[in-house]
Every structure is written in structure tokens, then in C-alpha cells.
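Let me begin by presenting the structure, written as C-alpha cells, before commenting on it.
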Amino acid sequence: MSFFGQLAQQTINGLALGSIYALIALGYTMVYGIVKLINFAHGDILMIGAFVGYFVLMSMGMSWYALLIAFAVSMVVCAIMGIVIERFAYRPLRDAPRINALITAIAVSLILENGARVIPFMGPNPREYPVLKNATFSLGSIEISNIQIIVIVVSVALMIVLNYIVNSTKIGKAMRAVSFDMKASALMGINVNFVISFTFALGSVLAASAGILFSSAYPQVEPYMGIMPGLKAFIAAVFGGIGSIPGAMFGGVILGIAETLTKGFISSQLSDAVVFGILIIVLSVKPTGLMGKNVREKV
Amino acid sequence: MKKGLKIASVLLVCAVAFSFAFAGCSKGSNTIKVGVILPISGQVSTYGIQCRDAIKLAFDEINAAGGVNGKKLEAIVEDDQASPDVTTNAFKKLTSSDKVVAIIGALTSKCSLAIADLAQAKKVVMISPTSTNEKVTLAGDYIFRVCYIDSFQGQVVAKFASETLKGKKAAVLYDVSNDYSVGLTTNFSDKFTSLGGTVVAKESYNTGDKDFNAQLTKIKAAKPDVLFIPDYYSTVSLIMKQVRGQGIKIPLLGADGWDEITNNAGEEALNSFYSNHYSPDANDPDVQKFVTSYKAAFNGTVPNALAALGYDDAYVLAAAIKAAGKTDSAAIRDALVKTNIKLVTGQITFDANRNPVKSAVILEVVKGADGKLTTKYNSTVNP
């Protein structure tokens with residue numbers, strides 16, 4: 001394979017990985033944009049989503065139809081979970097110092113991970129995730145697997161839907177208003193609690209679909225599976241500018257491609273170092289991230 | 001209400017403390033306690049569970065036949081979650097609180113390495129059933145194992161790749177943070193090169209990685225004839241899907257960590273071979289007796305190699321305690337050195353580094369008559 005052939009192949013590998021990071025990063029960034037909270041339990045919602053998908057697919061057998069049902073059921077379950085977590089863990093702390101909410105988020109994450117370990121029907125042991133029959137398509141020397149195509153297409157579609165919700169609907173307008181100034185929007189008659197619940201639900205829906213996509217691409221489910229992708233996506237969100245939706249998409253994709261290209265052309269041992277190195281450089285030049293807004297503190 | 005709760009919790013704590021104290025008394029001097037440290041949960045749990053079951057089966061058989069020196073063997077099992085930190089804690093608990101006379105474990109090489117020095121310093125006999133990394137028994141003269149070592153296993157696979165599969169160019173994809181994987185990679189590469197082949201690509205990843213597409217693209221570009229993946233079955237099954245997803249169709253090779261791959265992978269596992277400690281379909285009376293009694297005890301499950309090694313480990317230890325006539329560590333160790341018994345995984349004698357000298361088998365992953373994956377005995381390689 002020529003150098004350019006390899007470059008193109010690695011870029012496609014990176015794009016598939018990056019679109020999953022982007023989907024997860026969107027959840028982080030939306031929640032942060034509205035309640036200024038890093039929701040560390042977000043990666044574990046992904047794990048729950050993957051497990052729900054696993055149970056649906058195991059009971060129905062693998063088919064395109066079952067995959068759709070799995071997406072739907074897992075999105076609904078995770079949306080409810082997101083709302084419940086917000087209602088009982090974060091809402092009571094909304095006026096407390098931000099560090100308290102952050103610690104609560106870490107606690108929720110630990111509860112979800114270890115809860116999944118002890119629940120008998122989930123359990124600590126990794127399980128093989130059912131996947132569609134493998135098919136590869138060749139474009140010259142480049143090979144794309146059907147799963148990579150599904151991952152990229154579904155991610156892009158979800159991002160378009162999200163963009164539409166945030167920018168062109170009434171609830172999207174309310175979300176933007178709450179994110180801009182929570183107290184003022186409450187005074188204008190916006191139901192802030194509802195908007196926040198909706199944001200958590202939306203973020204969890206994205207995490208659920210990322211969970212199914214992630215486990216279709218890397219077919220194994222276990223309680224700790226959300227930690228690493230969650231962490232990488234968090235970095236992607238910071239990299240793109242936390243609070244900014246296009247920033248999260250962009251950050252996720254860049255992160256995935258940077259990681260894959262480093263593994264492919266420099267060294268797999270250095271991949272994390274290079275990725276974090278890029279993050280440090282970007283943050284030292286532009287502290288708010290690539291697309292983050294610089295909010296001036298008013299006295 | 002709160003006061004009631006407090007009293008209740010104090011009572012509960014007392015009850016637990018008492019039950020421990022009584023448990024200690026009632027068993028007392030009629031049993032020989034053996035500590036067992038295995039991964040009952042986590043990435044290689046199937047190994048830990050089967051190994052534990054086999055050890056208990058062996059102890060039950062020994063106890064039913066009158067025990068050792070008139071005493072019953074009792075296994076105290078700790079879950080190490082395949083994590084070195086947890087293993088260390090389990091070791092400390094077993095040696096200081098349970099006062100076990102010997103340790104069977106750990107299963108994975110990295111966990112055994114974490115406690116080998118501690119066991120040597122405390123002069124506790126430790127027999128690992130399955131840790132194949134050379135360094136494990138080098139910790140000192142109290143550390144034994146009942147499986148062959150990686151230098152042998154790596155050479156077996158390299159020899160098979162070169163002579164049977166007629167491979168000229170090999171690629172390796174290994175876990176750089178796992179002693180087992182690194183050891184096998186080195187030994188495989190050295191042997192393969194000395195047999196006239198070349199290792200055209202050597203790519204690595206870290207434990208817990210899920211995406212191997214970048215490394216596999218590089219490997220594919222090097223056009224190897226065989227790909228060696230020395231890791232445990234759960235990671236290997238992830239890698240295999242991506243290997244075939246990239247359109248790489250060459251034979252895949254593995255070592256004993258692949259045991260159970262047939263229950264954890266799909267069609268992509270076909271056209272692959274791995275070295276193992278025993279084959280359940282071997283025509284040997286000891287193997288058949290073990291397979292039959294294991295199946296009878298555990299719902300017809302066919303025991304894997306880890307179970308066979310755990311079973312042998314229990315018998316080796318029991319024989320040594322019997323020969324020593326007492327449960328003193330130094331006496332057990334002296335008896336172990338002289339071990340010479342024929343068991344499920346072969347004739348066991350120890351060399352100067354307390355490693356057994358025995359043969360390996362190569363198994364092929366094939367599709368069985370029922371459409372499920374299974375393994376087929378391919379060949380035996382002697383040391």
C-alpha cells in the first residue's frame with residue numbers, strides 16, 4: 001500500500017473513532033453549557049445504553065430491524081436515567097458551590113459502574129456484543145467495513161438532528177436562553193427545570209446511541225467500558241471549547257484522527273501523549289478551546 | 001428511630017464478629033488451609049472460575065479418599081480481578097489473617113509477579129497454576145508453577161508458523177503493558193527469525209484499548225503470512241473482528257491465553273491456531289478421567305486448560321504436603337522439589353528454576369458439526 005493509500009485508510013479509521021468521541025462529547029458540552037457541570041457520569045450512561053442494546057439484541061437476534069429497536073429502547077431508557085440522575089443528584093445541589101456538584105457527578109459515576117458490577121444480570125464479566133455480519137467495501141486499496149460506515153452515517157445524522165433541535169425549535173431557543181443566563185430566562189417565563197431535564201435527556205440519548213455504536217465497532221460490553229471513551233470525549237469537548245456544540249463535534253473528530261494517525265505513523269505508545277500534547281498547545285494559545293466563547297466577567 | 005438503628009447496627013457488627021470467631025474455632029486443627037488467588041471476575045473470569053472449580057474438585061476427591069495426613073484440605077478463595085493491586089491485598093489477607101499453609105495462584109503472570117517477591121520474603125510456598133512468564137519463579141525457591149513457560153511456548157508457536165504453515169513473514173500485535181504478552185512476543189520473534197523467517201511488523205497497544213484499526217492498517221501494509229496475537233481471549237476476540245474487518249485473511253496464531261476463544265468469538269476466529277497445555281479430546285486415561293468427573297460435577301462443561309492446570313496444581317500440592325508429613329513451609333518446599341507424578345497435563349518434574357518440563361499441544365479453531373466453534377487437536381510439540 002502506498003503512503004497516501006495508508007494515509008487515507010488511517011484517516012477513515014480515525015474518522016470512525018472520532019465520530020463516536022464527538023457524539024459523547026456533545027453530551028458533556030451541552031450539560032456544561034447549561035448548568036456549568038462536568039457530568040462525569042456521562043461515560044457510564046454510555047455503558048448503560050450499550051447494555052440495554054445488548055439485551056434487546058440478545059432477545060431479538062441480530063437484524064437491521066432489531067438494531068433499530070435497540071437504538072430506540074436504549075435511547076428511551078437512558079433519557080429517563082439522565083432525567084432521574086439530574087432530578088435526584090444534581091438539582092438539590094444547583095445553588096451549592098460547583099465543586100460539590102462535581103464530586104456528586106464522580107459519585108454517580110462510581111455508583112453506576114459498581115452498581116452494574118453487582119447487578120446479577122449485568123455482572124462484572126465482559127460479554128460479546130452481537131454484531132451484523134462483517135462486510136468490507138474496497139475503494140482502490142482502501143477498505144471500509146460496514147460497521148465503520150454505520151458509525152459515521154449515524155453519528156452525522158444525529159448531529160444534524162441535534163443542530164436542528166438546538167437552533168430551530170422552541171425548546172432549543174429556551175436551551176440557549178438558559179445557557180446564556182439562567183435567572184433572566186426564568187424571569188422571562190421559561191421553565192428552567194424542564195429545560196435542564198430536557199438537556200440531560202438529550203445528552204443521554206446521544207450517549208445511548210454512542211454506546212450502541214461503540215459496542216458495534218468494538219463488540220464487548222462490561223461495566224467499566226464507559227470510562228476511557230468518556231474521558232477521551234471530555235478532552236474532545238475541552239479541546240473544541242466546552243459549552244460549544246460545533247466545538248464538541250469538531251474536537252471529537254480531530255481527536256480521533258490525531259490518535260489514529262499517531263498510532264499509524266509515529267508510535268502506538270505515543271498516541272495519548274501526542275493527543276494530550278495537542279490539547280496543551282491549543283489551550284495555552286486559546287484557553288477557551290478552539291471554538292469556545294470568551295466570556296468577559298462583568299463587575 | 002435513629003437510636004434504634006444505631007443499636008441494630010452495633011448488634012449486627014457483633015453478630016458478624018462472633019460468627020467469624022466461631023468459624024475460626026469450629027474448623028481449627030482438623031483442616032489444612034490453602035489460599036487460592038484467582039480472577040473470579042473481570043477480563044479473564046472464565047479462567048478463574050474454571051480453575052477454582054477444578055481445584056475444589058481435586059480437594060473434594062482428595063478429602064473423600066481420606067485427606068492428607070488425616071486432615072482435610074480447605075480452599076480459601078480470593079478474587080484478584082486480574083489486577084496486581086487486588087492480588088497483593090488478597091495475599092496479605094490470606095497469609096496474615098487466614099494463616100494459610102500455601103498459596104495456589106495467581107492465574108495471570110502480572111498478578112503472580114506482584115506477589116512472588118512477597119511470598120518469597122514471607123517464606124510461603126506459592127504454586128502458580130498458569131503463569132507462564134519466566135520471571136515468576138525467579139523470585140526465589142518458594143515459588144513454583146505447574147505450566148510450561150513462555151520461552152518454550154513462544155518457540156512452539158514460531159516453529160509451527162514456520163514449519164507447518166510455511167510462513168516466511170510474520171507480524172505481531174501485542175499488549176506492551178502485559179508481561180505475558182511481551183514475553184511471548186520476544187520469544188516468538190527470536191525463534192521465528194532463527195528459523196529463517198522475518199518479523200515484518202511488530203505493533204503494540206495498551207491493556208484496555210479497544211481500537212486496533214491503526215495498528216492493523218500498518219500490519220496489512222507489511223503483507224505478512226501469519227499474524228501472532230499473544231493476549232487473552234477477550235481482547236483477542238475484539239482484535240479478530242477488526243482484523244477480518246480490514247480484509248486481512250491470513251492465519252492468526254495465539255498462545256494458551258486463547259483458551260475459551262471458541263465461546264467468545266464468531267466466524268472471524270476460523271483459520272487460526274494456538275498452543276495449549278492439554279486437549280480435552282486427547283486419548284489419555286488421566287485426561288479422560290478428569291474430563292468425565294469435571295463434566296459430572298459442573299453441568300457437562302468441558303474443562304479448559306486452566307481447569308486442568310488448577311486440578312494438577314492441587315494434586316501436586318497435596319502430594320508434597322503428604323510427603324513432607326507436616327505443614328511447615330520449608331518441608332513442603334523440599335518435598336515439592338522432588339515431585340515426579342503423572343497428571344492431566346503430563347508428567348510433572350521440576351527443573352532448577354522450579355518450572356515443570358512438559359509438552360505443548362497445538363489446537364486449531366474449527367466449526368463443529370452443530371455449527372458452533374470448537375477446537376481440533378493439531379499436533380504435540382515436545383520440549
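Residue numbers begin at 1 in each chain, while the letters A, B, ... track the order of the sequences.
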Minimal heavy-atom distance between A/Y218 and B/K210, with the atoms involved, is CD2-O, 2.9 Å
What part of A/F214 lies closer than 4.5 angstrom to a heavy atom of chain B: side chain, backbone, both or neither?
side chain
Indicate the atoms forming the closest heavy-atom contact of A/R117 with B/S41, along with that distance.
NH2-OG, 3.4 Å
Report which part of B/L216 has an atom under 4.5 Å of a heavy atom belonging to chain A: side chain, backbone, both, or neither.
neither
Quick one: which of B/G247, B/S177, B/G266, B/S234 has the most heavy-atom pairs under 4.5 Å with chain A, could you say?
B/S234
Is the backbone N or O of B/A214 less than 3.5 Å from a side-chain atom of A/Q10, with the two atoms forming a donor-acceptor pair by type?
yes
Any donor-acceptor pair under 3.5 Å linking the side-chain atoms of B/S204 with those of A/Q269?
yes
Which bit of B/A222 is near chain A, if near means a heavy-atom gap under 4.5 Å: side chain, backbone, both or neither?
neither
Least distance between heavy atoms, A/S268 atom then B/E203 atom:
OG-OE1, 4.0 Å
Is there a side-chain contact between B/K218 and A/K263 (heavy atoms, below 4.5 Å)?
no
Would you find more than 12 non-hydrogen atoms of other residues, nucleotides or ligands less than 6.0 Å from A/F250 atom CZ?
no
Between atom CG of B/D211 and atom OG of A/S271, what is the distance when rounded to the nearest 0.5 Å?
10.0 Å
Looking at A/Q220, A/E259, A/E143, A/Q148, which makes the most heavy-atom pairs under 4.5 Å with chain B?
A/Q220
Would A/E222 and B/Q43 count as a side chain to side chain contact (heavy atoms under 4.5 Å, CB included) here? Give the steps.
CA-CA 9 Å; A/E222 42 117 2; B/Q43 287 285 325; 3.9 Å; yes
Just checking heavy atoms, which of residues 11-20 of chain A are less than 4.5 Å from chain B?
A/N13, A/L17
Any idea which heavy atoms bring A/Q9 and B/T217 closest together, and the distance?
CG-CG2, 3.3 Å
Is there side-chain contact between B/Q246 and A/S145, with at least one heavy-atom pair below 4.5 Å?
no
